[in-house]
Structures are given as C-alpha cells and as structure tokens.
Amino acid sequence: METFQSILAKKLSSALANAGLPDAGELTTATDPRFGDYQTNAALVLGKQPTENPRALAKKIVAHLRVDDFCETPVVAGAGFINFKLRPDAIAKKTIEVLRHAGLGVAKAKPKQRIVIDFGSPNVAKPMHVGHIRSTVLGDALARIAQFLGHEVIRDNHIGDWGMQFGMVIYGWKNLLDQRALQRNPLAEIVRVYKETNERATRDPQVREACRQELVKLQAGDKKNIDIWNECVAFSMQDFQHVFEMLDVHYDVQCGESFYHDRLPGVVERLLKSGIAEISEAAVVVFFRDNPELADKPCIIRKRDGGFNYATTDLATVDYRVKELKADAIWYVVGAPQTLHLKQIFEIARRESYAADLRHIAFGSVLGEDRKLMKTRSGENVPLRDLLEEACNRARKIVDEKNPHLGEDEKIDIAQKIGVGAVKYTDLSQYRMTDYIFSWEKMLSLHGNTAPYLQNAYVRIRSIFRKAGEPAPKIDKLILSDPAETNIAKRLCQFAEIVPQILNDFRPNILANYLFELANSFHTFYEACPVLKSEEPARSSRLVLCDLTGRVLQCGLDLLGIKVPEKM
RNA sequence: GCGCCCGUAGCUCAGCCGGAUAGAGCAACGGAUUUCUAAUCCGUAGGUCGGAGGUUCGAAUCCUCCCGGGCGCGCCA
C-alpha cells in the first residue's frame with residue numbers, strides 16, 4: 001500500500017523532472033502542525049548553487065506539482081519550504097484503505113532478506129541478569145519487526161556454553177559441590193561453586209592450574225567432564241527457558257559456543273593459509289596494519305597455548321551462518337563494550353570476502369538509582385527472573401487497587417502483561433545507545449510515556465466494544481467532523497510510514513514514540529467524541545476509528561513484544 | 001597514551017545522514033469527573049542544546065580543540 005509520504009515523494013520527483021530540475025531534497029512530515037502535514041526542502045537544497053533563489057525555485061516546483069486529488073494547494077513558506085496539507089476526504093479514504101489492508105498499510109520490504117539475529121545469549125552456569133535484558137528485548141523486537149516487514153528471520157540463541165569458565169565449574173563440581181543444595185536449587189549451587197572456585201583460583205596458582213587441566217580434559221572429550229558439562233547446561237537451560245517464557249521470547253535455533261567447537265582449528269588453518277593471519281609470539285594473530293582505527297589492535301585467534309578464544313568462535317559462527325544458514329545479513333545485538341571486538345570480526349570477514357551484511361546493534365547499560373551499573377544491595381547482578389517477578393508483583397498491587405472485583409486468574413494475567421510490558425517498554429522507548437536509569441516508579445506509572453498508558457488506551461477501546469455488544473460496523477466512508485477525529489485518522493495512516501523506518505538505524509524507540517502519540521491522540525478523541533451515545537452516521541464512523549486504533553496499538557505493541565490486556 | 005559512546009528544561013528522555021520559533025513525559029501550578037475504565041483530558045510555567053572556534057543562506061545535528069562522565073584497547077568471554 002502507498003502511504004501519503006510515498007505518493008508525495010513520487011509526485012515531487014516527477015515535478016522536479018518536469019521542471020527540468022535534478023532530484024533533490026527530502027519529503028518529510030511537517031515539523032510543526034502549523035505548516036501542514038508534510039513538507040519538502042527541495043528548493044532549499046537546489047538553491048545551494050544559486051542561479052535562482054529558493055523561493056522562486058519553490059514556486060516553479062509547485063507549478064509542476066499535481067497533488068490536488070489529495071492535498072490543498074501546496075504553499076511556499078519560510079526560506080523556500082513547500083508545505084502540503086492533506087484534504088480531509090483524502091484522509092478519510094486512506095484510513096479506510098489502511099483498515100482493509102492486511103498489514104495495516106505497511107508495505108513489505110524489498111529485497112526480502114534472510115537475517116540471522118544474534119541476541120540474548122546468556123552464559124551457562126550463570127543466571128540471566130539485568131545485563132541480558134537489553135539484548136533480549138531489543139533483539140526480539142527487531143526480529144518481530146523484520147519479520148513483519150517480510151524478511152525471513154532466524155533467531156539464534158548463541159549461548160555461552162563453552163570456554164574457560166568450565167574448567168572452574170568442573171573443578172568446583174568435583175571438589176565443592178553440595179548435593180542437597182544442588183537438588184534444592186541447581187543453578188544457584190552451580191553458581192556458588194563457580195564463584196568460590198574463581199576466588200580460590202585467583203589466590204592459588206595450583207587451583208588455577210587444576211581448573212585448566214579440567215578444561216583440557218573437557219575439550220579432549222573426557223567422559224566424566226562431558227557428563228558434568230551436560231548437566232550444567234541442562235540446569236542452566238531450565239532457568240533460561242523460564243525467563244524466555246516470561247518474556248515471550250522464542251528462538252529458531254540455538255547454536256551456542258560448543259556447537260562451533262570442532263570447527264575452530266579449520267578457521268585458524270584457513271586464515272593462516274590465506275595469509276590473513278600470521279604467527280606472532282607463538283600465537284596466531286590477525287593484524288590490521290592498513291586500517292588506521294585497528295592498526296594497533298590485533299586480534300588473537302589462537303592462543304600461545306594452542307587454545308582458541310571467542311574471536312575464533314565468532315569467526316566460525318559467521319562462516320556457519322553465511323554458508324549453512326544462507327544468511328544475507330547477521331545482526332549482533334550486543335552491548336557497546338564489544339564494539340572493537342566486532343569491528344575486528346567484521347573486518348576479518350570482509351577480508352575473507354563474505355558477502356553478508358554484518359551489523360553490530362550496540363546498546364548502553366542499565367543503571368541503578370545511583371547511576372552506576374545496576375546491582376543488588378550486596379553488589380551482585382540482579383537476576384532477570386527476580387526482576388520480572390517483582391515487576392509483575394508491583395503491577396498486581398496496582399490492579400488490586402484499581403480493579404479489585406476482577407477474578408484471580410484474570411488479575412494474574414493482567415499483572416503479567418502490565419509488569420513485563422512495562423520493563424520491555426522502558427527499554428524500547430529509549431534510544432538504544434543511551435544508558436538508562438531503572439526506576440520501578442517510572443515504568444509502572446499510570447501517567448506519561450509508559451506501557452500501562454498505552455495498554456490503557458487499548459483497554460478503553462475494548463471496553464467500548466464490550467458495551468456495544470457488536471463488532472465494528474462495515475462502512476465505506478468515515479466522517480471526520482471533529483479535529484480529534486481527523487487527528488487520529490492521520491496518525492493511523494502514519495503507522496505504515498513509521499514501521500519501515502525502524503530498521504534504518506535499528507531504533508524501535510521511534511515506534512514506541514509513535515504509539516505513545518497514537519494513544520495520546522486516542523485519549524483526546526475519547527474525551528472529545530462520545531462514541532456509543534453519538535448519532536449515526538457518526539457512531540459507526542467512530543466505532544471504526546476505535547477499532548482501527550485498537551488494532552494498530554495491538555499490532556505495534558506486539559512488534560515490541562508487548563501484550564495487551566482486555567481489561568486492567 | 002590511543003579509540004568508541006554519552007553530555008539537550010529541576011528530573012527522565014526524544015530530536016542528530018543540516019532546515020522554519022529545540023519537543024515529550026515526570027515533578028510544580030491552575031482547571032475538567034451525573035463517564036464509553038479519571039490508569040484520563042485541557043491549560044500555565046520551565047532552555048547560553050557541556051564550552052570555544054570553524055564550514056554554511058541556515059548547526060542541537062557536520063568538522064577541530066577543550067571540559068566532564070562511561071566503556072574498551074594481544075592470549076577472559
């Protein structure tokens with residue numbers, strides 16, 4: 001489906017061509033409602049090489065614009081902007097078009113890509129904690145959005161189930177394990193054992209050496225160590241699964257670090273053979289001498305002791321995803337501190353001539369009220385499970401307060417949707433690179449740009465239809481008599497303009513902002529325009545507006561991985 | 001030392017591939033409720049966009065330098 005913006009952009013291009021001018025400038029939404037609905041700076045851009053002044057150019061362009069079937073006559077304003085104002089009948093017509101379009105007006109992306117998204121990726125023998133929240137929530141939202149736009153998405157949970165830490169885990173398992181504690185809470189006991197071993201190892205070189213030996217045995221396929229490793233992975237997966245269920249996050253494949261274990265020697269061999277890697281100080285290293293940014297930052301792919309590290313695994317991962325999974329693009333939803341590491345990986349991949357589009361989707365940290373990395377009072381990472389449970393408990397208290405007569409099952413369901421939604425929305429409504437301060441009070445607030453506010457708009461809509469006792473009527477024509485109606489109809493048409501933009505720079509926050517504005521417009525409409533009490537044909541028209549608003553809210557929130565309750 | 005990210009209202013944040021008088025929310029203040037869920041709406045007030053230069057018709061946005069905060073920089077992941 002064409003949006004107003006895409007139609008106007010085409011009309012502008014042909015007007016420029018007909019006026020004998022090169023294609024230039026942008027067609028954007030108006031910066032201020034006073035200027036209308038859309039604007040272009042084409043004349044200003046063309047006026048840079050001043051043979052004519054921008055205002056005169058703008059007039060010339062306007063003379064060639066044929067937009068009177070859906071716009072008022074374009075106006076030249078300011079230094080040479082051309083402003084467009086939509087005609088109400090065109091808005092009404094377009095809204096009906098959106099209503100009948102399966103994707104709510106959103107066009108499929110071209111070309112369609114197969115995209116592997118690497119996100120979440122918790123480590124075995126460690127519970128998921130706040131540090132995983134951004135990657136998981138952001139990655140899942142981007143996966144949903146890409147899929148909605150028609151891409152083929154493979155969600156890959158690249159779990160950390162191999163590597164150095166297992167030497168310690170196995171040493172601890174063999175020497176420090178409390179069987180009863182293991183039965184009570186397996187993961188907690190594994191974590192305890194790991195931590196204690198880690199402490200001992202830092203003090204005592206003999207313990208460190210013993211851990212290294214355990215690791216060597218594991219990597220050599222020692223039966224006993226493999227069994228222990230398998231058990232640890234299984235226990236950890238239980239914890240991950242629980243958290244993923246709570247978050248409603250589901251993966252298509254789970255190829256963790258261990259999956260690539262036996263491919264690592266091949267990676268090193270290949271890179272040595274091609275001359276991309278070389279031996280330096282007994283390690284195998286890739287240098288980037290011709291790249292100023294990386295010139296003094298070499299990348300080790302095989303350690304002096306013959307062991308491999310995470311760079312090696314990541315290179316094997318690229319190879320697998322491109323060759324076996326046939327990925328056109330790989331998105332790494334990984335925190336900002338790993339920027340350098342991924343730059344190195346991408347650069348090596350480029351030298352190996354992988355064609356896939358590799359993107360690092362970086363993000364900032366979650367901070368506590370003290371502006372430092374969020375920790376528990378005792379200085380530990382906050383387990384994600386606890387955090388989500390607290391979100392639901394807090395939401396539950398508010399539900400009890402506001403709507404005590406609801407049934408128990410219903411309350412549990414609502415509290416889940418509000419609590420988890422609040423946590424996700426906080427993350428997604430902010431620009432990903434910004435560090436944000438975690439605040440229960442703000443995220444669960446009933447006011448302002450929060451998930452509950454958006455959910456409430458949806459609930460109000462559902463309530464209208466419950467009361468009406470009928471679905472939205474089928475009509476061919478909307479009546480937009482009140483400014484609040486026109487406003488919301490325009491917003492509904494914008495959904496299709498917003499969604500594709502998200503992937504330009506991986507910013508779901510622009511969708512969150514849009515949904516907030518939509519909910520805001522709806523609340524204004526709701527106050528100004530009675531629906532059920534109004535006379536026909538306004539009543540049917542308003543019901544349709546409500547219905548479409550509800551569907552856009554639901555769809556938009558679903559793209560963010562947030563659910564909507566029917567009541568709250 | 002080198003590199004990356006961030007600095008916008010009292011607070012939390014948008015806006016950043018250059019565009020018109022820099023926007024929201026919270027908190028503050030003033031209004032609206034015989035209701036379709038007030039978990040709401042309407043309004044007022046609040047700014048040297050960290051600082052200084054530069055490019056441009058035009059800079060929060062691009063470039064340089066400085067200040068402040070965070071994070072990384074061969075054998076952890």
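Below, read A as the first sequence line, B as the second, and so on, with proteins coming before strands; counting in each chain starts at 1.
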Under-3.5 Å N/O pairs linking protein and nucleotides 70-77 of chain B:
residue, atom, partner, partner atom, Å
B/G74, O6, A/Ser280, OG, 2.8
B/G74, O6, A/Glu281, OE2, 3.3
B/G74, N1, A/Glu281, OE2, 3.4
B/C75, O2, A/Arg304, N, 2.7
B/C75, N4, A/Glu281, O, 3.4
B/C75, N4, A/Arg304, NH2, 3.0
B/A77, O3', A/Glu257, OE1, 3.0
B/A77, O3', A/Glu257, OE2, 2.6
B/A77, N6, A/Tyr310, OH, 2.2

Given A/Thr28, A/Leu12, A/Ile82, A/Leu27, the one that forms side-chain contact (heavy atoms from CB on, under 4.5 Å) with A/Tyr38
A/Leu27
Using a heavy-atom cut-off of under 4.0 Å over every strand shown, decide if [X] touches base, sugar-phosphate, or nothing.
X        : value
A/Lys467 : sugar-phosphate
A/Thr31  : base
A/Lys567 : base
A/Asn504 : nothing

Consecutive Watson-Crick or G-U pairs in runs of at least 3, all under 3.5 Å, in which RNA chain B is involved:
B:1-5 with B:69-73, B:10-13 with B:23-26, B:28-32 with B:40-44, B:50-54 with B:62-66
Does some side-chain heavy atom of A/Asn509 sit less than 4.5 Å from a side-chain heavy atom of A/Arg432?
no
Contact check, side chains of A/Asn83 and A/Thr40, non-hydrogen atoms, under 4.5 Å
no
May I ask you to decide whether [X] forms a salt bridge with [Y], counting only side-chain N to carboxylate O separations under 4.0 Å?
X        : Y        : value
A/Glu401 : A/Lys397 : no
A/Asp156 : A/Arg321 : yes
A/Asp357 : A/Arg359 : yes
A/Glu278 : A/Arg289 : yes

Atom [atom1] of [X] to atom [atom2] of [N]: distance rounded to whole Å?
X        : N     : atom1 : atom2 : result
A/Arg507 : B/A14 : CZ    : P     : 9 Å
A/Tyr431 : B/U8  : OH    : P     : 15 Å
A/Glu441 : B/C11 : CD    : C1'   : 12 Å
A/Tyr526 : B/U33 : OH    : P     : 16 Å
A/Leu518 : B/U40 : CG    : P     : 16 Å
A/Ile510 : B/C13 : CD1   : C1'   : 16 Å
A/Phe288 : B/G3  : CZ    : P     : 18 Å
A/Asn41  : B/G18 : CG    : C1'   : 9 Å

Kindly assign one of parallel, tilted or perpendicular to the pair [X] and [Y], based on the angle between their ring planes and the thresholds 30° and 60°.
X        : Y        : result
A/Phe516 : A/Tyr453 : tilted
A/Trp229 : A/Phe166 : perpendicular
A/Tyr526 : A/Phe522 : tilted
A/His158 : A/Tyr260 : tilted

Any chance the side chains of A/Ser521 and A/Glu517 put a donor and an acceptor closer than 3.5 Å?
no
[N] versus [M] - spacing of their [atom1] atoms, nearest Å:
N     : M     : atom1 : answer
B/C26 : B/A20 : P     : 26 Å
B/G25 : B/G46 : C1'   : 14 Å
B/G58 : B/C16 : C1'   : 16 Å
B/A14 : B/C62 : P     : 15 Å
B/C13 : B/G74 : C1'   : 39 Å
B/G47 : B/G53 : P     : 22 Å
B/C67 : B/G51 : P     : 15 Å
B/G18 : B/U33 : C1'   : 47 Å

Residue pair A/Ile464/A/Ile414 against RNA chain B: nearer the 5' end by closest nucleotide is A/Ile464
For A/Gly78 and A/Phe525, find the nucleotide of RNA chain B closest to each by heavy atoms; which residue's nucleotide sits nearer the 5' end?
A/Gly78
Given the options A/His129, A/Lys375, A/Lys195, A/Glu380 meets side-chain hydrogen bond (donor to acceptor under 3.5 Å, both in side chains) only with A/Lys195
Contact letters for nucleotides 21-26 of chain B, in which S counts primed atoms plus P, OP1 and OP2 and B counts the base, heavy atoms under 4.0 Å:
B--SSS
Presence of [X] side-chain N/O under 4.0 Å of [N] phosphate oxygens OP1/OP2:
X        : N     : value
A/Asn83  : B/A20 : no
A/Arg539 : B/C36 : no
A/Thr524 : B/U40 : no
A/Thr434 : B/A14 : yes

Contacts of A/Glu527 that satisfy side chain to side chain contact (heavy atoms under 4.5 Å, CB included) - sequence neighbours left out
A/Arg460
Please list, chain by chain and in numerical order, all residues satisfying side chain to side chain contact (heavy atoms under 4.5 Å, CB included) with A/Arg34, sequence neighbours excluded.
A/Asp32
Syn or anti conformation of B/G74, syn meaning chi within 90° of 0:
syn
Gap separating the OG1 atom of A/Thr524 from the CD1 atom of A/Ile488, nearest 0.5 angstrom
8.5 Å
Evaluate whether the aromatic ring of A/Phe81 and the six-membered ring of the B/G19 base sit under 5.5 Å apart, centre to centre, with an inclination under 30°.
no
Shortest side-chain distance from A/Ile418, nucleotide among B/C16, B/U40, B/A39:
B/A39
Do any N or O atoms of the protein come closer than 3.5 Å to N or O atoms of nucleotides 56-64 of chain B, and which pairs are they?
residue, atom, partner, partner atom, Å
B/G58, O6, A/Lys48, NZ, 3.1

Over all atoms of both residues, closest heavy-atom pair of A/Pro452 and A/Ile418:
CG-CG2, 4.0 Å
